[in-house]
Amino acid sequence: MERDRLKSVLESLLFACDAPLAVHRMGEVLEGVDKKEIASVLQELQAEYETSGRGFRLVEVAGGFQMRTPKENAEWVKNLFRGRPARMSRATLETVAIIAYKQPITRAEIEAIRGVDVDGVLSTLLERRLVRIVARKDVPGRPFLYGTTTEFLEMFNLKDLSNLPTLKEMEEMTLPPSQNQEPSGEE
Amino acid sequence: MERDRLKSVLESLLFACDAPLAVHRMGEVLEGVDKKEIASVLQELQAEYETSGRGFRLVEVAGGFQMRTPKENAEWVKNLFRGRPARMSRATLETVAIIAYKQPITRAEIEAIRGVDVDGVLSTLLERRLVRIVARKDVPGRPFLYGTTTEFLEMFNLKDLSNLPTLKEMEEMTLPPSQNQEPSGEE
Amino acid sequence: MTRVQLEIFEGPLDLLLHLIKKNEVNIADIPIAAITEQYLATLELMQSLNLDVAGEFLVMAATLIHIKSRVLLPPGEDEDGEEEEGDPREELVRRLLEYQRFKEAAEELEGREILKRDVFVRRSEVPEDLATAGFEGLSLFDLISALRQVLERFPDEGIHEVTLERISVREKMSSLLDDLQRRGKVIFQSLFEAAASRFEIIVTFLAMLELAKIRAIRVWQEEREGPIVIELAAPLEDIQERMAQEKIEGEGDGA
């Protein structure tokens with residue numbers, strides 16, 4: 001297939017598919033086309049959209065490539081869908097962050113970290129498919145273990161889980177020293 | 001709004017909206033922008049997609065404008081969808097859930113629970129090997145008894161049937177946040 | 001900025017972090033007396049504003065008071081006069097630091113380009129006649145919410161079922177155990193053969209789940225398409241003891 005033709009077809013595939021499209025899947029659809037060539041066309045498209053200020057970008061996310069509107073146009077697109085911004089509460093964000101970093105994790109373990117119960121939050125996350133049950137833990141009561149989904153990666157624009165921002169080490173996190181008068185037990 | 005900016009925003013709107021988008025609707029979203037200017041940018045986009053052989057075209061259809069893949073790429077787009085899994089319908093999902101929890105169960109019993117006939121759904125499930133006939137029930141007519149398969153367990157990520165949520169766990173996961181103070185002391 | 005404002009705290013740890021930050025003190029070296037005082041004052045404020053103060057806030061209040069009392073004692077002694085090692089604040093500090101890590105991680109996530117807030121994709125439906133590769137991945141949650149919906153459509157039966165379960169799950173567990181003791185291995189499906197109604201099927205199923213949960217029985221399949229086999233996983237006396245201790249699903253919680 002000629003490169004121009006390949007470019008047009010790949011663009012059609014990316015446009016028609018709402019989920020992130022993996023390179024190997026594009027390879028399957030375009031049997032016979034070298035994956036390296038696919039990757040190079042994708043790069044070309046990516047650069048092209050960026051520099052020509054198009055109304056969409058090509059983003060690498062959740063194990064594939066996906067066309068998305070650029071952030072600077074968010075206001076207008078939101079207008080089109082008439083409001084209902086998908087706001088996430090802090091409780092939801094904290095809970096999904098804990099699950100993302102510590103998966104697989106039980107509800108009790110999440111609650112131990114947050115210090116509050118996560119009943120409602122967990123069902124919201126399950127319902128929005130950001131989180132799923134991955135197994136049961138082999139301890140008494142056999143509680144469910146939760147993990148994140150591809151939808152989670154998509155939602156937060158992550159290529160994969162290793163793409164999560166690194167968690168700060170606990171030692172780095174202490175706040176500026178103070179002049180408190182309490183007896184201090186360490187250091 | 002500058003013309004370049006307007007073009008990018010319009011492109012975002014057309015891209016994000018899967019249904020045909022009427023010019024007056026674009027006008028509403030972009031309050032203050034002249035409809036004539038919108039129309040002229042649309043024409044520009046239309047010509048641009050056409051001449052540069054992009055993977056999509058801008059088509060005037062059903063009282064609005066819609067981005068569509070061009071006809072010459074149809075084969076590839078179909079290929080993409082051909083291999084894709086379908087979304088399980090509500091009816092199918094409900095039926096397999098009933099079978100999972102109440103197996104072995106006859107068709108009449110499933111229908112009694114769902115309140116509608118499950119003929120088509122049951123054959124889909126058998127075809128996809130999520131459900132199988134496990135025996136015949138020892139009642140007049142000796143109807144088939146249905147149960148779930150290993151494929152069912154795989155699909156739902158279950159080690160065995162004892163890993164299915166109990167009714168109580170089900171309530172905890174699907175009900176709106178309740179006020180019950182569950183001790184979170186496992187492990 | 002001196003606007004008086006009561007923030008919504010995500011829980012006791014969140015409130016404590018807020019106080020620590022406000023006081024510009026080090027988490028690792030919390031001035032426990034001052035922080036405890038402010039913590040209690042905030043709870044009072046919340047209560048006076050009729051805000052719902054969850055139990056966790058009160059548990060933390062008790063913890064703080066306890067730590068405070070221990071910090072005030074001379075080192076090496078706690079209220080029981082026993083030798084006690086380390087800083088009494090240590091466990092709390094560890095929890096605060098851990099919570100703070102995830103709070104920050106959550107903030108970072110929120111700062112990313114979020115789908116449907118900052119960026120949008122095109123929605124498209126796969127034409128049904130073209131989709132042939134089985135079903136899209138579904139979660140266990142999808143499965144059970146489907147079942148719940150069915151049950152909700154038949155509220156009467158739902159109630160009936162629940163009542164019945166509570167009466168007889170434990171009974172059924174005992175009779176299953178007797179059965180297994182007598183017959184050794186049993187095919188899963190055969191457990192339901194004797195069931196006179198679908199209520200009994202559910203009760204049997206629940207009883208089996210309970211037994212599996214307390215590890216009284218083993219459930220397995222010898223081959224992929226083979227029958228599911230069940231057998232006792234422990235001597236009967238041990239199981240009966242476990243059953244006596246275990247709270248049974250839906251029983252005795254008065255709900």
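As the structure is a computational prediction, the values presented were derived from the model and not from experiment. A note on names: the letters A, B, ... follow the listed sequences, proteins ahead of strands, and every chain is numbered from 1. Any value given below was found using the heavy atoms of this structure, including those in side chains, with hydrogens, waters and symmetry copies removed.
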Using modelled atom types only, decide if a donor and an acceptor are shared between the side chain of [X] and the backbone of [Y] within a distance under 3.5 Å.
X	Y	value
A/Asn73	B/Ser8	yes
A/Arg25	B/Leu80	yes
A/Arg136	B/Leu164	yes

- [ ] Over all heavy atoms of both residues, which pair between A/Ala16 and B/Phe81 is shortest? Give the atoms and the distance, please.
- [x] O-CZ, 3.6 Å
Task: Non-hydrogen atoms of A/Ser12 and B/Pro70 that approach each other most closely - done: OG-CD, 3.6 Å
Check each atom of [X] against the heavy atoms of chain B and say whether the ones under 4.5 Å are side chain, backbone, both or neither.
X	result
A/Leu14	neither
A/Leu45	side chain
A/Met26	neither
A/Glu75	neither
A/Leu13	both

- [ ] Find the distance between CG (A/Leu10) and CH2 (B/Trp76) and round it off to the nearest 0.5 Å.
- [x] 10.5 Å
TODO: Working to the nearest 0.5 Å, report the span between CZ of B/Arg54 and CZ of A/Arg54.
DONE: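 It is 5.5 Å, given to the nearest 0.5 Å.
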Open item on the list: Would you say CG of A/Asp4 has more than 12 non-hydrogen atoms from neighbouring residues, nucleotides or ligands within 6.0 angstrom?
Closed with: no
TODO: Measure up the B/Phe56 and A/Phe15 rings against each other and bin them: parallel (under 30°), tilted (30 to 60°), perpendicular (over 60°).
DONE: tilted
Task: Region of B/Arg5 that comes under 4.5 Å of a non-hydrogen atom in chain A - done: side chain
TODO: Mind ranking A/Val77, A/Leu21, A/Thr124 by heavy-atom pairs under 4.5 Å with chain B and telling me who comes out on top?
DONE: A/Val77
Task: Verdict with reasoning, B/Val9 to A/Glu72, per side-chain contact (heavy atoms from CB on, under 4.5 Å) - done: CA-CA 9 Å; B/Val9 171; A/Glu72 70 258 28; over 6 Å; no
